[in-house]
Amino acid sequence: MYESLKNIEGFEISFHKKSKRIINIKIENQIIERLIFPFKKFDVVALEYKPFTRFTIAKSLDDITLGELGIFLNSILRNRNTGCFIIGPKDPTSKIDQTFLVKLSTAITHLIGNPNQDAMAGKYYARFHIKHEDDSDSYLRKAYINMDLHTDGTYVKEKTDWLLMSKLEEENAQGGETVLLHLDDWEHLNELFNEEAGKQNFIWGSPKSKNIDYKVEHPVFSEDEEGRAQISYIDQFPEPKNMEQGLFLQKLSDTLEESENKITIPLPVGSAIVANNYFWLHGRKSFKENKSLSRELLRIRGSFFNN
Ligand SMILES: [Fe+2]
């Protein structure tokens, strides 16, 4: 049922201790060291301006594993029973800096698919800081409020098949763990998937900071080619047009948040979560109040190469 674990030289691969649906991939130092030279070939500006350079560093990473890593990561993400992996250095003290992590995240995602332009950052990736103070207009940077379970890309036209979230920095942070829920573990899936409102079109808008000047229409639930439920949902952006849609969204939100099967993951600095965006929901617990709180995440979202 679950992904069979592979042996790849220089990687330690196991099921995550919180869930067999999540594959934990630790990169040993010998691999990190072999990446330093090829990663030095391009600076981050080159990666931003010249998309082909991203494929060059992705190929360097894949070549080190004789092409096995790319195949493995794609099979995890496309397998309905797993669909998620966490990847990072085995040795948390290894001397990798934020620039290295941007490149590593770029290399990993370019073994999976093409990134979408992140409208908030104007680049193929976005870095966002969470601090004590915040005056933004969405939950993304609000440290002391839970970010409820959601999928990404609900309000854009581009396909968002997968997402990567990489932790670049964290200081004075207590709480703020990533929360994940696999759609098939959600107690109310069948009930809500079969409600008429779940298949109606909803209008999805977004606040100013997202830099998207259009609205899109799509239902909350769709079906994959085998008839299994897929979800595209976030609490803040659908604009219900009547009582039926409003109450449906309320029920959806309540039953997702109340699920007993949510998985709470404290993501180490330097590690990245990569998940299939059709059947994994993600969120964030609130942080404990601290004036010196500082955390920076990098995100990349995109589509699969072959679909
Ligand atoms: Fe998100």
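One is the number of the first residue; the rest follow in order along the sequence. Worth saying up front: this structure is predicted, and the values here are computed from it rather than measured.
Listed by chain and residue number, nothing satisfies the side-chain hydrogen bond (donor to acceptor under 3.5 Å, both in side chains) test with Lys26 (two or more places apart in sequence, or in another chain). For Asp235, there are no salt bridge (Lys or Arg N to Asp or Glu O under 4.0 Å) partners, not counting sequence neighbours. In this structure, the salt bridge (Lys or Arg N to Asp or Glu O under 4.0 Å) partners of Lys262, at least two apart in sequence or on a different chain, are Glu257.
At a cut-off of 3.5 Å, with distance as the only test, a side-chain donor of Gln200 or Gln245 sits close to an acceptor on the other residue. In this model, no donor atom of one side chain and acceptor atom of the other lie less than 3.5 Å apart for Glu9 and Thr65. Residues Tyr124 and Thr106 bring a donor and an acceptor atom of their side chains to less than 3.5 Å of each other. Defined by atom type and a distance below 3.5 Å, a donor-acceptor pair is missing between the side-chain atoms of Glu33 and Asn29. Between the side chains of Asp152 and His282, at least one donor-acceptor pair of N or O atoms lies under 3.5 Å.
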- Task: Could you please spell out the steps behind the side-chain contact (heavy atoms from CB on, under 4.5 Å) verdict for Asp185 and Leu181?
- Result: CA-CA 7 Å; Asp185 293 337; Leu181 178 66; 4.3 Å; yes

_Would Ser105 and Ile300 count as a side-chain contact (heavy atoms from CB on, under 4.5 Å) here? Give the steps._
CA-CA 8 Å; Ser105 301; Ile300 305 180; 4.2 Å; yes

Item to complete: Begin from the C-alpha positions of Tyr125 and Leu47 and carry the test side-chain contact (heavy atoms from CB on, under 4.5 Å) through to its verdict.
Response: CA-CA 11 Å; Tyr125 66 92; Leu47 295 176; over 6 Å; no

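The side-chain heavy atoms of Thr154 and Thr151, taken from C-beta on, include a pair separated by under 4.5 Å. Contact annotation: the side chain of Lys285 approaches that of Asn146 to within less than 4.5 Å [non-hydrogen atoms, C-beta and beyond]. Contact annotation: the side chain of Ile36 never approaches that of Ile96 to less than 4.5 Å [non-hydrogen atoms, C-beta and beyond]. Under the 4.5 Å side-chain criterion, counting only non-hydrogen atoms from C-beta, Ile273 is not in contact with Leu164. Between Asp224 and Tyr278 the shortest side-chain heavy-atom distance does not fall below 4.5 Å. Taking the side chain as every heavy atom from C-beta outward, Thr82 and Lys20 never approach each other to under 4.5 Å. Between Leu183 and Phe193, every side-chain heavy-atom pair lies at or beyond the 4.5 Å cut-off. Contact check for Ser232 versus His218: side-chain heavy atoms found under the 4.5 Å cut-off.
Cluster annotation: Leu5 is connected to Ile76 through the hydrophobic network of ILVMFWY side chains, with a link wherever side-chain heavy atoms come within less than 4.5 Å. Neither Leu267 nor Val269 shares a network with the other; the hydrophobic side chains, linked directly or stepwise wherever heavy atoms of I, L, V, M, F, W or Y lie under 4.5 Å apart, form separate groups for each. At a threshold of 4.5 Å between side-chain heavy atoms, the hydrophobic network of Ile, Leu, Val, Met, Phe, Trp and Tyr places Ile203 and Leu252 in two separate groups. Hydrophobic clustering of Ile, Leu, Val, Met, Phe, Trp and Tyr side chains at less than 4.5 Å, counting indirect connections, unites Leu111 with Ile32.
Residue pairs that meet the salt bridge (charged side-chain N to carboxylate O under 4.0 Å, His left out) test with at least one member in residues 167-176, sequence neighbours left out, are Lys167-Glu170. For residues 242-253, the pairs satisfying salt bridge (charged side-chain N to carboxylate O under 4.0 Å, His left out) are Glu191-Lys251, Glu195-Lys251, with sequence neighbours left out.
Atoms OG and CD1, on Ser75 and Ile23 in that order, are 8.5 Å from each other to the nearest 0.5 Å. Here OG1 of Thr178 is found 8.5 Å from CE of Met147. Values are rounded to the nearest 0.5 Å. Taking OG of Ser206 as the start and CD1 of Ile212 as the end, the distance is 5.5 Å to the nearest 0.5 Å. The distance from the OG atom of Ser166 to the CG atom of Leu104 is 7.5 Å, given to the nearest 0.5 Å. Taking CG from Asp254 and OG from Ser259, the interatomic distance works out to 12.5 Å, rounded to the nearest 0.5 Å. A distance of 10.5 Å separates NZ in Lys40 from OG1 in Thr99, rounded to the nearest 0.5 Å.
The two atoms that bring Leu77 and Gly83 nearest to each other are CD2-O, 3.5 Å, heavy atoms only. Minimum interatomic distance between Leu73 and Ile108 (heavy atoms only, all atoms of both residues): CD1-CG2, 4.1 Å. When all heavy atoms of Asn277 and Thr160 are compared, the closest pair comes out as ND2-O, 3.0 Å. Contact record, Ser253 with Asp148: OG-OD2, 4.3 Å, taken as the closest heavy-atom pair. Smallest separation of non-hydrogen atoms from Trp162 and Ser303: NE1-O, 3.0 Å. Listed here is the closest heavy atom pair of Asn79 and Asn81: OD1-N, 2.8 Å.
His182 and Phe279 have tilted rings, their planes meeting at an angle from 30° to 60° on a 0 to 90° scale. Ring orientation note: the planes of Trp186 and Phe221 are close to parallel, at an angle under 30° on the 30°/60° scale.
Between the side chain of Asn24 and the main chain of Ser14, no donor-acceptor pair closer than 3.5 Å is present. Listed for the Asn116 side chain is a donor-acceptor partner under 3.5 Å among the backbone atoms of Lys159. Side-chain atoms of Asp118 do not come within 3.5 Å of backbone N or O of Lys123 as any donor-acceptor pair. Formation of a donor-acceptor pair under 3.5 Å by the Asn194 side chain with backbone atoms of Asn190 is found in this model. Judged by distance alone, the side chain of Arg284 and the main-chain N or O of Gly175 form no donor-acceptor pair under 3.5 Å. The backbone N or O of Leu61 sits nowhere less than 3.5 Å from a side-chain atom of Arg34 that would complete a donor-acceptor pair. When atom types are taken as modelled, the side chain of Asp97 and the backbone of Phe100 share a donor-acceptor pair closer than 3.5 angstrom.
Taking the centre and axis of the six-membered ring of Phe202, the NZ or CZ atom of Lys241 falls outside the cone set by 45° and 6.0 Å. Annotation: cation-pi pair Arg78/Phe304 present, NZ/CZ under 6.0 Å from the ring centroid and within 45° of its normal.
Applying the 6.0 Å contact sphere to OH of Tyr214 captures more than 12 heavy atoms from other residues, nucleotides or ligands. For NZ of Lys199, the number of neighbouring non-hydrogen atoms (other residues, nucleotides, ligands) closer than 6.0 Å is greater than 12. Applying the 6.0 Å contact sphere to CG of Asn7 captures no more than 12 heavy atoms from other residues, nucleotides or ligands.
The pair Lys215-Glu239 meets the salt-bridge criterion, with a side-chain N (NZ, NE, NH1 or NH2) lying under 4.0 Å from an Asp/Glu carboxylate O. A salt bridge between Asp161 and Arg301 is absent, with no side-chain N of the basic residue lying under 4.0 Å from a carboxylate O of the acidic one.
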Could you go through residues 126-133 and list every donor-acceptor pair under 3.5 Å that involves a side-chain atom there, pairing it with any protein atom two or more places apart or in another chain?
from	atom 1	to	atom 2	distance (Å)
Arg127	NE	Glu296	OE2	3.0
Arg127	NH2	Gln98	OE1	2.6
Arg127	NH2	Glu296	OE1	3.2
His129	NE2	Ser294	OG	3.2
His132	ND1	Tyr144	OH	2.7

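The side-chain hydrogen bond (donor to acceptor under 3.5 Å, both in side chains) test with Asp184 is passed by exactly one of Arg21, Arg80, Arg228: Arg80.
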